Novice: 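One structure is given below, represented as structure tokens, and several questions about it will come after.
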Amino acid sequence: MISFDDAQKTVLSKKLETTPTQIPLLESIGNFYSADISADRNYPPFNRAAVDGIAFYWDGISPVKESYQIAGSIFAGEMWQKDIQAFECVWIMTGAPVPKQLNMLVRVEDISAQNNHIYFRKGLTFTRMQNIAKEGEDILKDTVVLTKGMRITPQHVSTLASLGYGFVPSYGFLTATILRTGNEITEPSTDVLAAWQIRDSNSFTIRSLLKDYPVTINMRSAQDTMEALVTQIEAGKHSNILILTGGVSAGAADLVPEALLACGFTCHFHKVEIRPGKPIWFGTHPTGCIAFGLPGNPFSVQIGVKVFVEPFIRACFNNRDKTFIHKILTHERLKKISFDEFIVADENIHGVCVKKHNGSGDISASLSSTGMIRHQAQKEKLEAGDTVDYYPWMINW
Ligand SMILES: Nc1nc2c(c(=O)[nH]1)N[C@H]1C(S)=C(S)[C@@H](COP(=O)(O)OP(=O)(O)OC[C@H]3O[C@@H](n4cnc5c(N)ncnc54)[C@H](O)[C@@H]3O)O[C@H]1N2
Ligand code: MOO
């Protein structure tokens with residue numbers, strides 16, 4: 001048996017090469033940058049009016065004049081071409097370029113206009129460059145704003161569009177086949193079930209956890225026979241990643257490890273010191289296919305994806321972000337087994353607290369939890385106030 005840390009290292013060391021490509025902006029969300037993203041010009045590209053009002057020049061020393069003569073107006077999409085005299089001002093609209101020679105912008109609400117002159121509201125105070133967004137103050141030309149390997153997220157879209165990235169340097173999709181195994185497993189849509197039949201949940205769990213990753217997923221299923229397993233593994237190994245569920249522990253019908261070997265896969269580990277999820281199998285094929293044999297129990301599948309498959313996929317796209325964050329445990333916890341334990345947990349304003357369930361076969365194990373925590377193998381006891389690794393269920397982009 002291998003430790004959790006060694007198992008994770010082994011998985012990450014087998015990361016696949018992915019192909020850089022350009023993807024239309026909106027389709028690139030969830031993908032990863034295959035190159036640094038930089039600014040093609042200063043942002044704002046000119047001194048930009050931040051409010052609707054009047055612009056004029058003030059030296060910052062002598063008192064601001066009582067009134068200024070209106071020389072014209074500037075709308076967004078226009079550039080002021082004429083000179084402006086010391087006693088003159090211009091109407092200017094939000095988003096318009098403030099002429100270089102002007103350094104003051106007063107809101108329309110703070111002035112009144114009469115006979116082609118403006119007058120300031122009583123008691124106004126003035127600061128140079130007020131209400132003017134200075135050229136380059138957001139991003140200077142050639143600055144790298146997002147780096148290779150980062151996840152492309154909805155919050156980047158505004159900046160990417162502004163910088164002209166209608167197409168984003170990202171990666172071509174990986175392909176994955178999910179192969180669910182087990183004589184008892186039926187389609188979830190099956191209405192009438194024999195007592196021994198179990199609706200498939202695992203393949204849905206895997207698809208939902210990988211939904212926003214650049215991975216195209218195919219589905220397969222096999223009965224617990226060598227023939228059926230070999231046929232389906234042979235078909236599935238044309239994908240980059242093959243994820244099996246069930247049939248990896250010690251029973252007479254647990255033929256997945258043997259079938260994978262028969263199909264030419266090399267085993268890098270079988271069984272990891274974790275609970276749940278211990279019987280997990282991991283191997284590679286000479287064609288490059290990577291196989292994860294996840295245990296059949298529904299909660300083990302959630303864990304297998306969170307701690308092995310997701311980090312593996314991220315590594316393939318050169319992403320180094322952790323899939324967990326640090327949280328404060330709100331109560332003490334004694335170790336139940338000398339392995340690394342993953343326990344469903346609920347996040348609250350004080351930190352996280354673990355939730356009870358009936359083991360990894362409990363289909364409701366993760367309901368009313370927001371994620372899970374890791375209780376490390378070496379720690380006999382976690383104290384209230386200890387920092388723990390917390391894996392949120394909701395994708396942490
Ligand atoms: N003698 C031993 N027995 C078991 C061991 C062991 O080390 N020695 N390990 C236990 C652990 S831990 C786990 S986890 C399970 C995993 O077993 P398998 O991977 O062989 O999975 P199955 O036996 O095929 O199924 C287990 C359980 O999960 C249900 N299942 C399977 N596929 C699905 C699916 N697609 N959707 C929903 N539920 C599914 C299946 O019906 C079983 O109830 O083994 C322990 N035994
Ligand atoms: O991995 Mo098993 O899920 O501990 O029951």
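Just so it is clear, the model here is predicted, and its values are computed rather than measured.
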Novice: Ion pair present between Glu347 and Lys327, side-chain N to carboxylate O less than 4.0 angstrom?
Specialist: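 Looking at Lys327 together with Glu347, the answer is yes, because their closest N to O distance falls below 4.0 Å.
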
Novice: Judged by modelled atom types alone, do Asn318 and Tyr33 share a side-chain donor-acceptor pair under 3.5 Å?
Specialist: no

Novice: Would you say Arg151's side chain and Gly30's backbone share a donor-acceptor pair under 3.5 angstrom?
Specialist: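 Yes; at least one donor-acceptor contact below 3.5 Å.
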
Novice: Is it the case that the side chain of Asn202 and the backbone of Gly296 share a donor-acceptor pair, with hydrogens and angles ignored and the cut-off at 3.5 Å?
Specialist: yes

Novice: Is it the case that more than 12 heavy atoms not belonging to Glu137 sit under 6.0 Å from its CD atom?
Specialist: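 Enclosed: over 12 neighbouring heavy atoms sit under 6.0 Å from CD of Glu137.
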
Novice: Starting at CD of Gln232, measure out to CD of Glu227 and round the result to the nearest 0.5 Å.
Specialist: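 Rounded to the nearest 0.5 Å, the CD-CD separation comes out at 11.0 Å.
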
Novice: Can you establish whether the number of heavy atoms outside Lys379 located under 6.0 Å from its atom NZ is more than 12?
Specialist: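 Incorrect, the count does not exceed 12.
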
Novice: So which heavy atom on Gly361 is nearest to which on Asn297, and how close?
Specialist: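 Closest approach of Gly361 to Asn297, heavy atoms only: CA-OD1, 3.5 Å.
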
Novice: How many angstroms lie between CD1 in Ile92 and CD1 in Ile132, if you round to the nearest 0.5 Å?
Specialist: 7.5 Å

Novice: Would you call the rings of Phe269 and Phe308 parallel, tilted or perpendicular if under 30° counts as parallel and over 60° as perpendicular?
Specialist: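 The arrangement is tilted - the two ring planes meet at 30° to 60°.
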
Novice: Between Gly385 and Ile328, what is the shortest heavy-atom contact and its length?
Specialist: CA-CG2, 3.6 Å

Novice: Any side-chain to backbone donor/acceptor pair from Thr330 onto Val352? Under 3.5 Å, distance only.
Specialist: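 Confirmed, Thr330 side chain pairs with Val352 backbone.
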
Novice: Run Ser38 and Asp142 through side-chain contact (heavy atoms from CB on, under 4.5 Å) and show every step you take.
Specialist: CA-CA 5 Å; Ser38 54; Asp142 296 331; 5.6 Å; no

Novice: When you check the side-chain N and O atoms of Glu135 and Asn42, is any donor under 3.5 Å from an acceptor?
Specialist: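 Short answer, yes.
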
Novice: Do His326 and Tyr390 make the cut of ring centroids closer than 6.0 angstrom?
Specialist: no

Novice: Is any side-chain heavy atom of Ile241 less than 4.5 Å from a side-chain heavy atom of Ile313?
Specialist: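 Heavy-atom side-chain distance check passes, below 4.5 Å.
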
Novice: Begin from the C-alpha positions of Arg374 and Asp340 and carry the test salt bridge (Lys or Arg N to Asp or Glu O under 4.0 Å) through to its verdict.
Specialist: CA-CA 7 Å; Arg374 173 183 175 192; Asp340 275 270; 2.6 Å; yes

Novice: Compute the ring centroids of Phe342 and Phe4, then answer whether they are less than 6.0 Å apart.
Specialist: yes

Novice: Within a reach of under 6.0 Å around CD of Glu17, are more than 12 heavy atoms found that belong to other residues, nucleotides or ligands?
Specialist: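 Result for CD/Glu17: open.
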
Novice: Checking Arg314 against Tyr213: charged group under 6.0 Å from the ring centre and within 45 degrees of the axis?
Specialist: no

Novice: Checking side chain to side chain donor-acceptor pair (under 3.5 Å) between His375 and each of Lys335, Lys381, Arg333, Glu380, which is the one that passes?
Specialist: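 One option only clears the test, and that one is Arg333.
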
Novice: Working note: Asp389 + Tyr391, criterion side-chain contact (heavy atoms from CB on, under 4.5 Å); need CA distance, chi angles, decisive distance, verdict.
Specialist: CA-CA 7 Å; Asp389 296 347; Tyr391 297 72; 4.2 Å; yes

Novice: Can you check side-chain contact (heavy atoms from CB on, under 4.5 Å) on Leu294 and Val248, steps first, answer last?
Specialist: CA-CA 7 Å; Leu294 305 180; Val248 287; over 6 Å; no

Novice: Do Trp281 side-chain atoms and Gly283 backbone N/O form a donor-acceptor pair below 3.5 Å?
Specialist: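 Checking the backbone N and O of Gly283 against the side chain of Trp281, no donor-acceptor pair under 3.5 Å is found.
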
Novice: If we count only N and O atoms by modelled type, under 3.5 Å, do the side chains of Ser3 and Asp5 hold a donor and an acceptor together?
Specialist: no

Novice: Can you measure from SG (Cys263) to CD (Glu234) and round to the nearest 0.5 angstrom?
Specialist: 4.0 Å

Novice: Which heavy-atom pair separates Tyr171 from Thr21 by the least distance, and what is that distance?
Specialist: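 Of all heavy-atom pairs spanning Tyr171 and Thr21, the closest is C-CG2, 3.5 Å.
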
Novice: Can a donor-acceptor pair be found between the side chains of Asp59 and Ser62 at a distance below 3.5 Å?
Specialist: yes

Novice: Verify the neighbour count for atom CD of Glu66: are there more than 12 heavy atoms of other residues, nucleotides or ligands below 6.0 Å?
Specialist: no

Novice: If we ignore angles and hydrogens, is there a donor and acceptor under 3.5 Å between the side chains of Thr190 and Gln197?
Specialist: no

Novice: Which heavy atom of Gly149 sits nearest to which heavy atom of Phe32, and what is that distance?
Specialist: O-CD2, 3.5 Å

Novice: So, does Thr181 use its side chain to make a donor-acceptor pair with the main chain of Thr245 at under 3.5 Å?
Specialist: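 Yes; judged by distance alone, with no hydrogens or angles, the pair exists.
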
Novice: If you compare all heavy atoms of Leu25 against all heavy atoms of Ala161, which two are closest, and at what distance to 0.1 Å?
Specialist: CD2-CB, 3.9 Å

Novice: What are the two closest heavy atoms between Ser162 and Tyr43, and how far apart are they?
Specialist: O-OH, 3.1 Å

Novice: Taking the six-membered ring for Trp and the single ring otherwise, decide whether the centroids of Phe120 and Phe126 are under 6.0 Å apart.
Specialist: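 Between Phe120 and Phe126, the centre distance is under 6.0 Å.
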
Novice: Under a 3.5 Å cutoff, is there a donor and acceptor pairing between the side chains of Thr175 and Asn240?
Specialist: yes

Novice: Distance check, rounded to the nearest 0.5 Å: Cys289 atom SG versus His238 atom NE2?
Specialist: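 Answer rounded to 0.5 Å: 9.5 Å.
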
Novice: Using the ring of each side chain (for Trp, its six-membered ring), is Phe282 parallel, tilted or perpendicular to Phe292, with breaks at 30° and 60°?
Specialist: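 Aromatic pair Phe282/Phe292 classed tilted.
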
Novice: Under the 3.5 angstrom rule, does the side chain of Asn115 hit a backbone N or O of His117 as a donor-acceptor pair?
Specialist: no

Novice: Are any non-hydrogen side-chain atoms of Phe312 and Ile290 less than 4.5 angstrom apart?
Specialist: yes

Novice: Just checking, any donor-acceptor pair under 3.5 angstrom between side chains of Gln223 and Thr225?
Specialist: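 Distance-only check fails for Gln223 and Thr225.
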
Novice: Quick check: does any side chain N or O of Asn31 sit under 3.5 Å from a backbone N or O of Ser28, one acting as donor and the other as acceptor?
Specialist: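 No, because the side chain of Asn31 does not come within donor-acceptor range (under 3.5 Å) of the backbone of Ser28.
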
Novice: To the closest 0.5 Å, what do you measure between CD (Glu78) and OG (Ser73)?
Specialist: 7.0 Å

Novice: Is there a donor-acceptor contact under 3.5 Å from the side chain of Lys306 to the main chain of Pro392?
Specialist: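 Side chain of Lys306 to backbone of Pro392, a donor-acceptor pair under 3.5 Å: yes, one is there.
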
Novice: Examine the side chains of Thr284 and His268 and answer whether a donor and an acceptor come within less than 3.5 Å of each other.
Specialist: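 Judged by distance alone, the side chains do pair up.
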
Novice: Quick check for you: to the nearest 0.5 Å, what is the distance between Thr205 atom OG1 and Gln302 atom CD?
Specialist: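 That separation rounds to 5.5 Å.
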
Novice: Give a yes or no answer on whether the side chain of His357 reaches the backbone of Ile363 with a donor-acceptor pair at less than 3.5 Å.
Specialist: no

Novice: Looking just at side-chain N and O atoms, do Asp52 and Thr94 make a donor-acceptor pair shorter than 3.5 Å?
Specialist: yes

Novice: How far apart are the C-alpha atoms of Ile29 and Val157, what are their side-chain angles, what is the distance that settles it, and do they pass the side-chain contact (heavy atoms from CB on, under 4.5 Å) test?
Specialist: CA-CA 8 Å; Ile29 311 297; Val157 167; 3.3 Å; yes

Novice: Taking the basic N atoms (NZ, or NE/NH1/NH2) and the acidic carboxylate oxygens, is any pair closer than 4.0 Å for Arg180 and Glu187?
Specialist: yes

Novice: Sub-3.5 Å donor-acceptor pair from the side chain of Asn103 to the main-chain atoms of Trp58, do we have one?
Specialist: yes

Novice: Going by heavy atoms in the side chains, are Ile54 and Val90 under 4.5 Å from each other?
Specialist: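 Not in contact.
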
Novice: Looking only at side-chain N and O atoms, does Asp346 offer a donor or acceptor that is under 3.5 Å from a partner on Ser369?
Specialist: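 Not at all, the side chains of Ser369 and Asp346 share no donor-acceptor pair under 3.5 Å.
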
Novice: Inspect the surroundings of CZ in Phe87 and state if more than 12 heavy atoms from other residues, nucleotides or ligands are less than 6.0 Å away.
Specialist: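 Counting neighbours around CZ of Phe87, more than 12 heavy atoms of other residues, nucleotides or ligands fall under 6.0 Å, so yes.
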
